[in-house]
J.: 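Have a look at this one.
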Amino acid sequence: MDRFLRHKTLVVSLVVIASNAFGNYTLTRGMRDVGSTVSISPLPYIHAMLDPWVVAGVVLLAIWLITRLALLSWADLSYVIMVTSTAYVLSAVLAKVFLGERISLIRWTGIVLISLGAFIVARTFPSTAPEPEETEE
Amino acid sequence: MKWLLLALVVVPGTVGDVLMSIGMKRHGEIEDFGLRNLLSLLWDMVRNPYLITGIVAMAVSFFALMALLSVAQLSFAVPATASSYLVETALAKYVLKEDIDAARWAGACLVSIGVVLASL
């Protein structure tokens, strides 16, 4: 049972991390096509929603929200935030590979520290909090 | 102005995470991603007060960050977002009663420092 919970946690965490990083990437890509839209009028946003990169970004971030909530349904908050912080790492790699951004040595150091912190927490048992007293359904 | 926006990024962000965690523990463990479980989750997202407040708080935090980045440098926002890993770990210990052992604290410190460095 514990083994199953660990596996489930790992798989869902990977989906949360990937949907977050790829969602940010596709949204950034899409907003570059669309141009800056700081406006109170909804029209520029509706226009932005027609861009396929933006649509992909919104879908991915919806997947991110749902899977993150699912993860929180059994895993500790202190576990979830640390393990999913590796989305920073994946985002940096995506930015380097696809957007051609340069990553300095000091940023690489930060990326290594985030990965190390996430790895240490990922090895702890995901669920330590007591069960809530009243559960619905 | 930028300090107000910073507060609107950090406070709703951390409180929102705690509320979403409470809301989902009350919802109960999601066993698999079948249609029935997904619909029950979506239904709870508009009915469970912890989830509603948590998601609204997260949205406030997100838009405050967008607004903050339009009036201040990213380096102004980053120390606060980085320290939120430590604040949320403390809230997880005292509010959610999670068992925060040395490994969790070490992870929180490494991630916080890492986030600062990764933004430089």
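A note on names: the letters A, B, ... follow the listed sequences, proteins ahead of strands, and every chain is numbered from 1. Values below: all heavy atoms of this structure, side chains included; hydrogens, waters and symmetry mates excluded.
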J.: Heavy-atom pairs under 4.5 Å with chain B: which of A:Met82, A:Arg107, A:Arg123, A:Lys8 has the most?
T.: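 Option with the top pair count is A:Arg107.
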
J.: Go through the steps for B:Phe33 and A:Val12 under the test side-chain contact (heavy atoms from CB on, under 4.5 Å), then give the verdict.
T.: CA-CA 10 Å; B:Phe33 287 90; A:Val12 178; 3.8 Å; yes

J.: For the hydrophobic clusters of this structure (ILVMFWY residues joined by side-chain heavy atoms under 4.5 Å, transitively), does one cluster hold both B:Val46 and B:Val56?
T.: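 No, separate clusters.
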
J.: Under 4.5 Å heavy-atom distance to chain A, tell me which part of B:Leu42 shows up: side chain, backbone, both or neither.
T.: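 B:Leu42 touches chain A through side-chain heavy atoms alone.
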
J.: So which part of A:Tyr79 gets closer than 4.5 Å to some heavy atom of chain B, the side chain, the backbone, both or neither?
T.: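 Both backbone and side chain.
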
J.: At what distance, to the nearest 0.5 angstrom, does CD1 of B:Ile113 lie from OG1 of A:Thr109?
T.: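 The CD1 atom of B:Ile113 sits 12.0 Å away from the OG1 atom of A:Thr109.
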
J.: Which answer fits A:Leu65, side chain, backbone, both or neither, if we ask what part of it has an atom under 4.5 Å from a heavy atom of chain B?
T.: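 For A:Leu65, the side chain is the part near chain B, not the backbone.
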
J.: Considering non-hydrogen atoms only, spot the tightest contact between A:Ala118 and B:Val111 and give its length.
T.: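 Closest approach of A:Ala118 to B:Val111: N-CG2, 4.1 Å.
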
J.: Name the region of B:Asp101, side chain, backbone, both or neither, that has any atom closer than 4.5 Å to a heavy atom of chain A.
T.: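 Looking at B:Asp101, just its side chain touches chain A.
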
J.: In terms of heavy-atom proximity below 4.5 Å to chain A, should B:Ala92 be classed as side chain, backbone, both, or neither?
T.: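 It is the side chain, since no backbone atom gets that close.
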
J.: Measure B:Leu91 against the heavy atoms of chain A and call it side chain, backbone, both or neither at under 4.5 Å.
T.: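 No part of it gets close to chain A.
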
J.: Grouping I, L, V, M, F, W and Y whenever their side-chain heavy atoms are under 4.5 Å apart, do B:Leu4 and B:Val9 come out in a common cluster?
T.: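 In one cluster: no.
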
J.: Does CZ in A:Phe119 sit with more than 12 non-hydrogen atoms of other residues, nucleotides or ligands closer than 6.0 Å?
T.: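 For A:Phe119, atom CZ is not crowded (no more than 12 foreign heavy atoms under 6.0 Å).
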
J.: Can you tell me which portion of B:Met58 sits under 4.5 Å from chain A's heavy atoms? Options are side chain, backbone, both or neither.
T.: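 Only the side chain of B:Met58 comes within 4.5 Å of chain A.
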
J.: Which value, rounded to the nearest 0.5 Å, describes the distance between B:Cys109 atom SG and A:Leu116 atom CG?
T.: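 It comes to 12.0 Å.
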
J.: On a heavy-atom basis, which atom in B:Arg104 and which in A:Ser78 lie closest, and how many Å separate them?
T.: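 Answer, listing the atom of B:Arg104 first, then A:Ser78: NH1-OG, 2.9 Å.
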
J.: For A:Ile66 and B:Leu38, run side-chain contact (heavy atoms from CB on, under 4.5 Å): C-alpha distance rounded to whole Å, both residues' side-chain angles, the deciding distance at 0.1 Å, then the answer.
T.: CA-CA 8 Å; A:Ile66 299 283; B:Leu38 283 180; 3.8 Å; yes

J.: Return the option, out of A:Val112, A:Ile103, A:Asp76, with the maximum number of heavy-atom pairs under 4.5 Å with chain B.
T.: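 The residue among A:Val112, A:Ile103, A:Asp76 with the greatest pair count is A:Asp76.
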
J.: Rounded to the nearest 0.5 Å, how far does CG of A:Leu105 lie from CG of B:Leu117?
T.: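 Result: 10.5 Å between the selected atoms.
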
J.: On a heavy-atom basis, which atom in B:Ile30 and which in A:Ser73 lie closest, and how many Å separate them?
T.: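 Looking at all heavy atoms of both residues, the shortest contact is N-OG, 3.0 Å.
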
J.: Using the rule given for salt bridge (charged side-chain N to carboxylate O under 4.0 Å, His left out), can you reason through B:Asp17 versus A:Arg68, listing the C-alpha separation, both sets of side-chain angles and the distance that settles it, and then say yes or no?
T.: CA-CA 10 Å; B:Asp17 262 353; A:Arg68 189 174 188 266; 3.0 Å; yes

J.: Do A:Val83 and A:Val15 belong together in a cluster built from hydrophobic side chains that touch within less than 4.5 Å?
T.: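 They do not share one cluster, since no chain of ILVMFWY contacts under 4.5 Å joins A:Val83 to A:Val15.
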
J.: What is the minimum heavy-atom distance between B:Leu96 and A:Ala129, and which atoms define it?
T.: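 Looking at all heavy atoms of both residues, the closest pair is O-CB, 3.8 Å.
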
J.: Show the numbers, then the answer: is there a side-chain contact (heavy atoms from CB on, under 4.5 Å) between B:Val115 and A:Leu113?
T.: CA-CA 8 Å; B:Val115 168; A:Leu113 290 183; over 6 Å; no

J.: Measure across B:Tyr85 and A:Ile81 and return the closest heavy-atom pair with its distance rounded to 0.1 Å.
T.: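 Answer, listing the atom of B:Tyr85 first, then A:Ile81: CE2-O, 3.5 Å.
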
J.: With chain A as the partner, which of B:Val18, B:Leu120, B:Thr89 has the greatest number of non-hydrogen pairs under 4.5 Å?
T.: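 Between B:Val18, B:Leu120, B:Thr89, the count favours B:Leu120.
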
J.: What heavy-atom pair brings A:Leu77 and B:Glu98 nearest, and what distance separates the two atoms?
T.: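 Reported closest heavy-atom pair: N-OE2, 2.7 Å.
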
J.: Go through the atoms of A:Ala92 and report whether side chain, backbone, both or neither lie under 4.5 Å from a heavy atom of chain B.
T.: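 Neither part.
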
J.: Following the transitive rule for hydrophobic clusters with a side-chain heavy-atom cut-off under 4.5 Å over Ile, Leu, Val, Met, Phe, Trp and Tyr, establish whether A:Ile63 and A:Leu69 coincide in one cluster.
T.: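 Looking at the clustering, A:Leu69 is in a separate group from A:Ile63.
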
J.: Do you know which of B:Ser84, B:Ala108, B:Gly54 has the most heavy-atom pairs with chain A at a distance under 4.5 angstrom?
T.: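 Most heavy-atom pairs under 4.5 Å with chain A: B:Ala108.
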
J.: Please check if the side chain of B:Lys25 supplies one atom and the backbone of A:Ala75 the other of a donor-acceptor pair under 3.5 Å.
T.: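 Checked: pair present.
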
J.: Side-chain heavy atoms nearer than 4.5 Å, only ILVMFWY residues, links allowed to pass through others: does that put A:Leu71 and B:Tyr50 together?
T.: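 Yes, one cluster joins them.
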
J.: Test side-chain contact (heavy atoms from CB on, under 4.5 Å) on A:Val80 and B:Met24 and set out the steps.
T.: CA-CA 13 Å; A:Val80 172; B:Met24 286 313 297; over 6 Å; no

